[in-house]
Amino acid sequence: MAQQAQEARTDCYAAVDIGASSGRVVVGYVEDGLIRLQEVHRFDNRQVRRHGHDCWDVDLLHTELLRGLACCKEAGFAPKTVGIDTWGVDFVLLDADDNLVGDAVAYRDARTNGMYEVADAIMAPEELYRRVGLQRQPFNTIYQLLALQREHPEQLEAADTFLMIPDYLNFLLTGQKAVEYTNASTTGLLNAETGAWDETVMAAFAIPRRLFPNVTHAGASLGSVLPEVAEVIGYEPRVVLPATHDTGSAYLAVPACEPPAVFLSSGTWSLLGVENRSPICSEGAFRANFTNEGGYHFRYRFLKNIMGLWMIQSIRRELNGIAYVVDEKAIRKGRLHQYMRVEGLGHEVGFADLIKAADEAEAAGVIASIVNVNDDRFLAPDSMIEEICAACEEAGQPAPETLGELMLCVYESLARCYRDAIEGLTALAGHGYASINIVGGGCRDDHLNRRTAQVCGLPVYAGPVEGTALGNLAVQMLADGAFPHLKAVRAAIAESFEVTKVEP
Ligand SMILES: C[C@H](O)[C@H](O)[C@@H](O)C(=O)CO
């Protein structure tokens with residue numbers, strides 16, 4: 001082992017970044033003050049149907065995690081630390097013998113339908129917001145737990161520990177159980193002011209406090225991986241907690257050009273907001289449905305979830321005949337082939353084809369129909385294409401007839417939703433913003449970047465693409481003393497990666 005480690009580069013760190021649609025393992029190191037990245041593993045993340053629910057395949061995530069860490073060694077790296085981040089809100093339960101209790105149900109599953117009414121009868125939504133400061137979203141962990149209480153009370157009985165997805169993967173690597181703050185802040189159970197579990201909320205909703213380890217903050221170490229893990233991956237890193245909520249990591253990598261800046265983490269979701277030093281749990285923030293998610297080092301991400309590229313990912317999957325949930329939903333053939341036929345695509349549809357179709361429709365002077373992208377109907381429809389067309393017709397607008405019209409509808413609707421959210425931020429902050437900084441895979445979408453700048457009337461700064469992995473690595477580097485403080489590592493990120501300016 002010692003001989004192999006010396007050959008491999010050790011002054012480096014590994015970020016494991018797993019989103020709803022894909023995961024990656026990225027090695028990062030510092031060279032002449034600049035940050036260098038190398039992606040060593042990438043995999044698709046998908047849902048599986050189990051016991052009547054859409055679930056995450058956590059065994060697949062575990063396998064891909066170990067595979068990815070082993071790929072570091074194969075690529076010549078033996079990272080000294082590893083950090084894991086994933087999407088928010090979802091969790092697993094472990095029994096006293098650390099076995100999984102039930103499934104890792106996915107946040108788009110329908111089990112939370114009707115839970116608003118149940119919750120509101122227990123605590124007024126204004127009161128809940130005043131305490132936890134979380135936007136009202138059907139998939140918030142608190143509503144998932146209410147659904148579980150009703151469907152499988154025996155599982156909560158049998159459970160001994162609640163862990164969020166990154167916490168569970170950390171447990172598989174180290175045997176340590178810790179719930180990290182930024183992701184805990186997506187549950188709807190964490191007091192926005194104290195940053196601790198809100199015992200009043202837990203008692204009111206009969207959610208057993210005993211299941212929840214005290215919250216641990218990003219930067220903490222969980223110690224070295226287990227010997228059997230070191231055996232498999234070929235080296236023995238320590239596991240350090242980054243902002244384990246991917247959006248929390250992404251916000252750390254925002255270069256914040258031309259402040260005051262609006263941050264936009266663009267991927268399956270568009271998370272648009274700002275970074276604050278204290279929570280805003282006012283009546284106005286509640287009415288505007290902004291959320292106060294925990295950030296690194298006592299920061300707050302005051303943002304809004306916007307349906308994001310999920311709509312475009314879904315259209316692409318449908319055009320390629322791919323179901324999002326394995327073994328279950330057949331694609332309804334409704335208007336689908338109409339778009340394929342018209343455009344004669346006849347090959348695996350890529351995001352570039354969708355952008356091209358929108359550009360051509362725009363150039364042809366097409367007037368886009370507009371839908372409310374944040375309507376829950378778009379969370380998990382059987383067919384995104386059908387749902388968009390139905391929403392247009394219900395609003396008395398022409399339903400898209402061509403792929404170009406369909407894409408223009410999605411892009412224009414997203415850009416307008418961004419504009420409305422920024423107007424909401426401006427009203428609550430009492431001042432305007434000078435720019436929009438977009439990070440994540442979605443910042444490569446030139447059509448959306450341009451329309452966002454034009455519709456919002458603000459310059460867009462696009463990049464870095466690997467925002468979440470970079471934010472994850474930033475905390476590991478800070479924990480290791482590679483940078484003195486966040487300002488320094490953010491400056492290094494801005495220095496090290498391309499950021500493109502798009503004028504309005
Ligand atoms: C439910 C979403 O996953 C969550 O709100 C969002 O912040 C996220 O985690 C995006 O990856």
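Whatever order the structure lists them in is the order used to number ligands and atoms, beginning at 1. All values derive from a computational prediction rather than experimental measurement.
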Within the structure, does G88 bring an N/O atom to less than 3.5 angstrom of an N/O atom in ligand 1? yes
Can you see whether [X] engages [Y] through a side-chain donor-acceptor pair at a distance of less than 3.5 angstrom?
{"X": "S413", "Y": "R416", "result": "no"}
{"X": "T244", "Y": "E180", "result": "yes"}
{"X": "D90", "Y": "Q144", "result": "yes"}
{"X": "E275", "Y": "Y251", "result": "no"}
{"X": "R131", "Y": "T200", "result": "yes"}

Considering only the protein, which heavy-atom contact is closest to [atom], and what is its distance?
{"atom": "atom 10 (C) of ligand 1", "result": "D246 OD1, 3.6 Å"}
{"atom": "atom 5 (O) of ligand 1", "result": "N305 ND2, 2.9 Å"}
{"atom": "atom 1 (C) of ligand 1", "result": "F139 CE1, 3.5 Å"}

Could you tell me whether the side chain of T291 reaches within less than 4.5 Å of the side chain of L134, counting heavy atoms only? yes
For ligand 1, note which part of [X] has a heavy atom under 4.0 Å away: side chain, backbone, both or neither.
{"X": "H245", "answer": "side chain"}
{"X": "T86", "answer": "neither"}
{"X": "W269", "answer": "side chain"}

For the backbone of G83 and the side chain of N472, can you confirm whether one donor and one acceptor N or O come within less than 3.5 Å of each other? yes
[X]: numbered ligand 1 atoms lying under 4.0 Å from its heavy atoms:
{"X": "W87", "answer": "3 (O), 9 (O), 11 (O)"}
{"X": "T247", "answer": "6 (C), 7 (O), 8 (C), 9 (O), 10 (C)"}
{"X": "V89", "answer": "1 (C)"}

W310 and Y107: aromatic ring centres closer than 6.0 Å? no
Within-shell test, T186 vs ligand 1, heavy atom, strictly < 4.0 Å: no
